[in-house]
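Okay, structure first, notes after.
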Amino acid sequence: MKNFWVIVAVLASVIGLASCNQEKSIYPQDIKYLPIRLENSNKWSIMNLETGELVAKDAFVNAPSSVVDDMFWVYNDQNRIDIYNVANCKQRVNKEVYGSATQFCDGYAIVSKPGKALEIIDKQCNTVAELSPSLLTATMFSNGRSVVHTDLDRYGYIDVKGDTVIKADLGFAAPFSDDGVALVSFNAASDSAKSISVIDLNGKTLYDIDSEKYQVATPSYHMGVLAVAKKDSLAFLDRNGKEVKNPSEIAKKVKDANYRDGRYVGDDKYIVVKGDRMGLVDKDNNTLIPFDYQFINNLSATRFVVGKDSTMMVVDDHGKQVGKNKFVDFKPYSSDSQAVRGYINLEVTAANLLSFIDEDMVCFAKKGSNLMDVNQLVGVDPAQYVGMKQVDRPMPPLFISYFFDREIASPMTSAATDSLSNDTTALASSVGPTAQFNYDAKVRGASLNFLVLECAPGTEEALCKLMSSAMGSKGFTLNSDGTFTSNAGTAITMGYEKGVFKLNYYFNPAELKPIPRESRKI
C-alpha cells in the first residue's frame, strides 16, 4: 500500500495547503507579492499585488520561490540558494551557503548546508536549532509544525524550536491544515491503508478513516473539510469525521448556467469556462470578469492572473488591471519545497532505491501497466498534461518520472463535455479548457533521479558502484557497455551528472540508452 502514500505525498505538494495561521479560508496564505517574468525579458521580477508596482525588476535569472512571510529564495549561478526579504531585493540576507530551503512561515524556515544536517533559521538567517542527523527532509512549517522524514523511511513532526512534537515512527504524515489537523499512517508505509488516521497538533487521534466506507480523495483538510470518495460520489468530513456540506459547493444559479467547468474561489465567486474562454461570476451568475481570457488563475478572492495569446496581467475581481505590468510567466503560490539533508547514508539510500525495482517492476508499474494502474493523477487537472507523455513525481531528494507510449491527456470534444458538477470541481486544482486523461496509455518505463548535489564529491560514484553490485540480486545481468538486462525482458542503465544520480528502467530493452557518468568539479 506504499503506492497510496506516494500519491498522497505528491498531492500534498501539488495542492499546497500548508498554512501559517488558524483562519479557515480557501487560501492558505495571504499572497502579497508575485514573481513574474515581464514581456521581452529573460529575467524575473517581483510585483506588489496590492499596488501593481514592481519591488524588483529584472532582478533574477532563476525564478524566485513563493514570497511568504515577506521572504523568498532564489537559486544563484552556483546552484545554491540565496535568501531575500522583499523589502530589499538587491541584498541577500544569508551569509552562509545553503543547498535547499523551505519557505518561511511565522518567521522560520528550514535549510540545509552542503555536507551538514538540517537547520532551522529565522528571518535574519540566524541558526535557531540544528536538527538530528537522522532527518533526511523537512517541510515548510504549518501551524508551528514541520513534517520530518528520516532516512529509515519514517515520519514525524517538529516545532519551530526543533523539538520533537510527534515522534518519527509514522508510516506517513501530511502537513497540518489551517485548522490544525493532519492525515497520518501509524503503520509502516507498506502496511494496510486501514491505518489512516486524523490527528490534532499534539498527535491525538481524532478519528480513524473507515477504509471500507471512504477512500481519501485529497491528502489534507481544506476549508475545514476533507474530501473523500464514497461509492460513486464525494463526501466531506469535518475534523471529527462527520459528513458535512461541501463549503465550496457551486451556487445553484451558476450550476444551472451549464458552464463547461467551474471552481469556487472565495467570497461567493466562481471561475467558469464558457466555450473556449474563461471568466469570473458571482453566486447570482453576474459576470465580474468578462469571458475574454484563455486563462484565469486565482491568487486571492480579489486578485487574478488572466491571459490570452501568451500574455498575462493581474486584475481585480471586477476585471480592472492592477498596475501596468504585462508578463509571459509567473510563479504561483506553492508550499512544496523541502529542505534536504546535505549528506546521505549510502547503504540505506541504495536499499531504498532498490526497493522500487525488480526484474518485472519499477515504481509499482509492471510491463503492460497503464496510466490507470499507476494511478498517479488522482485529483489533478488533466488540462495541464495535454500533449505530454511523461508524469513527474517529486519526492525530494528523489524525483520519479513515468514515461508512456502516447499522450496521457487530450482535449475533450464539446460533445463529451459535461456541465458543472460538485464532484469534479471539488477535486480540481485549476480550471482551464476541459480535458481528459488517456488512462489506457501504456507505461514504457521510469526514471529515478536522486539529488546528491549537497553531498560530498564522489557520492554519486559511490552510490552507482553500490547499486551496480546489487543488481544481480534483482535479477539483472551486467552488459559490456555498463547497462543491465534481465531474463524478463527489462533493462536498466545508471549514471550521474551535475550532482544527480540517475537510473532509467525500460520495459523494452531496445529503447535502452546509456547515461553519462560525469563527476562534479568543485
Which heavy atom in [X] sits nearest to a heavy atom in [Y], and how many Å separate them?
X	Y	answer
Phe60	Cys89	CZ-O, 3.7 Å
Val128	Tyr108	CG2-CE2, 3.8 Å
Tyr506	Glu511	CE2-O, 3.4 Å
Gly368	Lys442	O-CD, 3.5 Å
Val452	Val500	CG2-N, 4.3 Å
Pro175	Ser220	O-OG, 4.3 Å

**Study point:** Evaluation steps, ring pair (Phe, Tyr, Trp, His ring centres under 6.0 Å), between Phe176 and Tyr157
**Key:** CA-CA 10 Å; Phe176 278 96; Tyr157 297 86; 4.8 Å; yes
Practice item. Please assess Ser335 against Gln103 for the test side-chain hydrogen bond (donor to acceptor under 3.5 Å, both in side chains), listing each intermediate value before the final yes or no. Key: CA-CA 7 Å; Ser335 63; Gln103 286 90 349; over 6 Å; no
**Study point:** Donor-acceptor pair between Thr483 and Thr493 side chains, under 3.5 angstrom
**Key:** no
Exercise for review: Give a yes-or-no answer on whether the side chains of Glu461 and Ser519 include a donor-acceptor pair shorter than 3.5 Å.
Suggested key: yes
Between the side chain of [X] and the main-chain N/O of [Y], is any donor-acceptor distance below 3.5 Å?
X	Y	value
Tyr402	Cys363	yes
Lys474	Ile357	yes
Asn62	Val74	no
Asp392	Ser401	no
Asp82	Asn76	no
Ser66	Val68	no
Asp159	Val165	no
Asn352	Thr349	no
Ser369	Lys366	yes
Tyr221	Asp238	yes

With rounding to the nearest 0.5 Å, note down the distance linking [atom1] in [X] to [atom2] in [Y].
X	Y	atom1	atom2	result
Thr459	Leu346	OG1	CG	6.5 Å
Leu371	Arg406	CG	CZ	9.5 Å
Lys43	Arg37	NZ	CZ	13.0 Å
Ser134	Leu152	OG	CG	7.5 Å
Ser132	Ile158	OG	CD1	10.0 Å
Ile166	Thr164	CD1	OG1	10.0 Å

Is the number of heavy atoms from other residues, nucleotides or ligands under 6.0 Å of [X] [atom1] greater than 12?
X	atom1	result
Asp163	CG	yes
Lys331	NZ	yes
Lys116	NZ	no
Asn126	CG	yes
Gln390	CD	yes

Any side-chain heavy-atom pair from [X] and [Y] closer than 4.5 angstrom?
X	Y	answer
Phe507	Val362	yes
Ser146	Ile110	yes
Arg80	Leu453	yes
Met494	Ser468	yes
Glu359	Ile492	no
Leu183	Leu226	yes
Trp73	Val111	no
Asp77	Val61	no

Check your understanding: Passes side chain to side chain contact (heavy atoms under 4.5 Å, CB included), Arg145 versus Asn202? Steps please.
Key -> CA-CA 10 Å; Arg145 305 286 187 266; Asn202 297 313; 3.8 Å; yes
Exercise for review: Check the pair Val160, Asp106 against side chain to side chain contact (heavy atoms under 4.5 Å, CB included), reporting the backbone distance first and the verdict last.
Suggested key: CA-CA 9 Å; Val160 296; Asp106 289 339; 5.9 Å; no
Practice item. Test Phe72 against Tyr84 for ring pair (Phe, Tyr, Trp, His ring centres under 6.0 Å), laying out the working first. Key: CA-CA 6 Å; Phe72 66 96; Tyr84 295 85; 5.5 Å; yes
Point to revise | Pair Glu460 + Arg520, salt bridge at N-O below 4.0 Å | key: yes
Check your understanding: Is the NZ or CZ atom of Arg341 positioned over Tyr343's six-membered ring, under 6.0 angstrom from the centre and within 45° of the axis?
Key -> yes
Review point. Given the rule in the side chain to side chain contact (heavy atoms under 4.5 Å, CB included) test, do Thr490 and Tyr505 qualify, once you have shown the distances and angles that lead to the verdict?
Key: CA-CA 7 Å; Thr490 56; Tyr505 187 110; 3.5 Å; yes
Check your understanding: What do the steps show when you test Ser100 against Ser112 for side-chain hydrogen bond (donor to acceptor under 3.5 Å, both in side chains), and what is the final call?
Key -> CA-CA 5 Å; Ser100 64; Ser112 68; 2.7 Å; yes
Check your understanding: Can you check ring pair (Phe, Tyr, Trp, His ring centres under 6.0 Å) on Phe404 and Tyr385, steps first, answer last?
Key -> CA-CA 12 Å; Phe404 296 84; Tyr385 286 97; 9.6 Å; no
Practice item. Determine, step by step, whether Ile120 and Phe141 satisfy the side chain to side chain contact (heavy atoms under 4.5 Å, CB included) criterion, reporting the C-alpha distance in whole Å, the side-chain angles of both residues, the deciding distance to 0.1 Å, and the verdict. Key: CA-CA 10 Å; Ile120 299 175; Phe141 283 108; 3.8 Å; yes
